[in-house]
Number of protein chains: 2
Amino acid sequence: MPAYDPSAFPPFAVTVDLVVLTVRRHALCTLVVRRGEAPYQGRWALPGGFVRAEEDLGAAAARELVEETGLCAHDPAAPSPVPSNGAHLEQLATYGAPDRDPRMRVVSVAHLALAPDLPAPRAGGDANSARWAPVEELLGADALAGTAGGGGIHTGVGAGTSAGAGDGGEGPDALAFDHSRILADGVERARSKIEYSSLATAFCPPEFTVGELRRVYEAVWGVALDPRNFHRKVTGTPGFLVPAGGTTTRQGGRPAQLFRAGGATLLNPPMLRPEV
Amino acid sequence: MPAYDPSAFPPFAVTVDLVVLTVRRHALCTLVVRRGEAPYQGRWALPGGFVRAEEDLGAAAARELVEETGLCAHDPAAPSPVPSNGAHLEQLATYGAPDRDPRMRVVSVAHLALAPDLPAPRAGGDANSARWAPVEELLGADALAGTAGGGGIHTGVGAGTSAGAGDGGEGPDALAFDHSRILADGVERARSKIEYSSLATAFCPPEFTVGELRRVYEAVWGVALDPRNFHRKVTGTPGFLVPAGGTTTRQGGRPAQLFRAGGATLLNPPMLRPEV
DNA sequence: GCAATAGTGTCTATCAGACAATATGTA
DNA sequence: TACATATTGTCTGATAGACACTATTGC
């Protein structure tokens, strides 16, 4: 089989970037690393790196994830009996505007990872070069208000994906490259996907309480939910939660039942995100 | 600004592939072209091509779309008063398994296009090299049954996106490369997105009747819907449909009111897809 | 008249949203 | 005791699903 004529197509570099989300102290946070070199030297950016020559895109994202956080990616396609540990990892979208990297033509396949609250990040041991940043701080309050950008619900990355600057503003605190837009798209994906899937459990430890799960929804959506209706909804949806047996008082107050994520991945009918 | 050291990263070719969907004779159909060269010579494949050196990903997809169908892509991000003509175009997912093309490392950014029923395709004038193929014929009946594959609702392209063979079988009628999987992902995206958005109107001409819109839903979902409840739902959702003024009898029977797509893009509450 | 489609009215079961009271821990 | 959280019950409004009938065209 002859190879392509190399002059027939332009060469690209392909990278993966990671939107790693977690819930810390009632706030949705994402992992950012400080850039050590130009361009955007000293600015915060999403973690990422080059895809290797014989490496699958998902494998590259999983490798970057373990390098940055120590988290083992949990492949939702693989038949694993229980979400052992590991984070949820899925492809988000691909960003390839010609001028998104001033050095050369780079196409980045962004991935979205959801993880339980973690110890402080360790980026090569340098404590000052990686941190969990509240999403609100990076994107501005308008991003919390809901479907602000053109994103709409779900993965609706329209043709505008590669269009210009991000929603998160262009100030000196904005993320490097087009990472503000990537982050905004990832956050919107997470917000919409917890509506109709059991993905919110990916933010929780293996065993968790109904209240902890509710606080995940409240942090991701930025709203307050009625504890009674929430309890009725999640315990009444077949396959969403299965009792783990024990109780815990780690949240204070009356002991709460512990649950594990059930086998159901799709919620029907979905959780309803309050209007505004 | 120094360029990267070329030895620091492997070279990739980047392509766009198109899942162009339409509704023809009560069936969901997709555009396929016959391959003229190895590999997979003579097999049907999704249309696509290389991204040019200074070209945005969405622009490359729009260019391929107009080349293959003559359709002008309608950018949902642009503030156009009315969906003039043109098809809906959005990014779908990216496929980059190392062995997906035996000749070299190719990463393909798949896009999804939705269009009204069109005249027969014209692929360079060769009538025998392009056609509208019923999706059911390409993917098998199981794909019509609903959320068969690992896809789940929405764009939930999990980490399994780049995993091996497609759902559509490996028989001699299967599409080239991993295009069966790409098609399956695109179909699932369309099926889920018409639930909660007004995207079904992208399958209709600029002016259409409630019955025509209902037949779009029935073709895409592969189910029968109650005409009365459907009529109540779509006419009762603010901003979904606006009366165009006239009537038509092109479907036979009593004249039906004509509508245009309203400004609303998100449907709240969504259309409910019947449970199998 | 017959066939085909369009359009409307009603009943019911289900469910989301709004509300308060009690239970059981820790400080 | 004071406090914090968990857990359960009820009412009401909105709506999806099921169902039958009339309206208006072309043949």
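Here is the naming used below: chain letters follow the sequence lines, and residue numbers restart at 1 for every chain.
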message = Working to the nearest 0.5 angstrom, can you tell me the gap between A:Trp221 CH2 and A:Ser192 OG?
response = 10.0 Å
key: Rounded distance in Å - CD (B:Gln251) to P (C:dG7)   = 12 Å
ask   = Atom CG of B:Asp226 and atom P of C:dT5: how far apart are they, to the nearest Å?
value = 15 Å
remark   = Nearest-nucleotide check on DNA chain D, B:Leu272 vs A:Glu212; residue mapping nearer the 5' end is A:Glu212
note = Sequence neighbours excluded, the answer for side-chain contact (heavy atoms from CB on, under 4.5 Å) partners of A:Pro243 is A:Phe259
key: Among D:dC19, C:dG7, C:dA16, the one nearest B:Asn229 by side-chain distance   = D:dC19
inquiry  = Within the 4.0 Å heavy-atom criterion, would you say B:Pro227 contacts the bases, only the backbone, or no part of the nucleic acid?
reply    = nothing
inquiry  = Using modelled atom types and a 3.5 Å cut-off, is there a donor and acceptor pairing between side-chain atoms of B:Thr30 and backbone atoms of B:Leu21?
reply    = no
key: Nucleotide nearest A:Arg232 (side chain, heavy atoms from C-beta), chosen from D:dT10, D:dT7, D:dA16   = D:dT10
ask   = Which residues within residues 198-205 of chain B lie with some heavy atom under 4.0 Å of an atom in DNA chain C?
value = none
ask   = Any side-chain N or O of A:His231 less than 4.0 Å from the OP1 or OP2 oxygen of D:dT8?
value = yes
key: Donor-acceptor under 3.5 Å (A:Glu218 side chain, A:His26 main chain)   = no
I'd like a list of close polar pairs between nucleotides 23-27 of chain D and the protein, N/O only, cut-off under 3.5 Å.
from   : atom 1 : to       : atom 2 : distance (Å)
D:dA23 : O4'    : B:Arg254 : NH1    : 3.4
D:dA23 : N3     : B:Arg254 : NH1    : 3.3
D:dT24 : O2     : B:Arg254 : N      : 3.4

query = Rounded to the nearest Å, what distance is computed from the CZ atom of residue A:Arg273 to the P atom of nucleotide C:dG17?
reply = 13 Å
request  = Measure the distance from CD on A:Gln257 to C1' on D:dT5 and round it to the nearest whole Å.
outcome  = 14 Å
request  = Round to a whole Å and report the spacing from CZ of B:Phe230 to P of C:dG7.
outcome  = 12 Å
Nearest listed nucleotide, side chain of B:Arg228, among C:dG17, C:dT5, D:dA20 = D:dA20
key: Interatomic distance, A:Leu213 CG vs D:dT7 C1' [rounded to whole Å]   = 16 Å
query = Which pair of heavy atoms, one from A:Pro47 and one from A:Leu31, lies closest together, and at what distance?
reply = CD-O, 3.3 Å
message = Can you measure B:Leu225 atom CG to C:dG7 atom C1' for me and round it to whole angstrom units?
response = 17 Å
request  = Using a heavy-atom cut-off of under 4.0 Å over every strand shown, decide if A:Arg214 touches base, sugar-phosphate, or nothing.
outcome  = sugar-phosphate
inquiry  = For B:Arg250, I'd like to know if atom CZ has over 12 heavy atoms of other residues, nucleotides or ligands within 6.0 Å.
reply    = yes
request  = Considering non-hydrogen atoms only, spot the tightest contact between B:Arg191 and B:Val220 and give its length.
outcome  = NE-O, 2.9 Å
Interatomic distance, B:Leu267 CG vs D:dT15 P [rounded to whole Å] = 13 Å
message = Side chain of B:Ala256, heavy atoms from C-beta onward: which of C:dT8, C:dA6, D:dT7 has the nearest atom to it?
response = C:dA6
message = Counting only side-chain nitrogens and oxygens, does B:Lys233 get under 4.0 Å of the OP1 or OP2 atom of D:dA16?
response = yes
task = Start with the C-alpha distance between B:Leu18 and B:Leu46, add both sets of side-chain angles, then the distance that settles side chain to side chain contact (heavy atoms under 4.5 Å, CB included), and finish with yes or no.
result = CA-CA 6 Å; B:Leu18 287 179; B:Leu46 299 177; 5.9 Å; no
inquiry  = Distance to the ring centre below 6.0 angstrom and angle to the axis at most 45 degrees; does that hold for B:Arg131 and B:Trp44?
reply    = yes
request  = Examine distances only and state if a side-chain atom of B:Thr22 and a backbone atom of B:Ala115 form a donor-acceptor pair shorter than 3.5 Å.
outcome  = yes
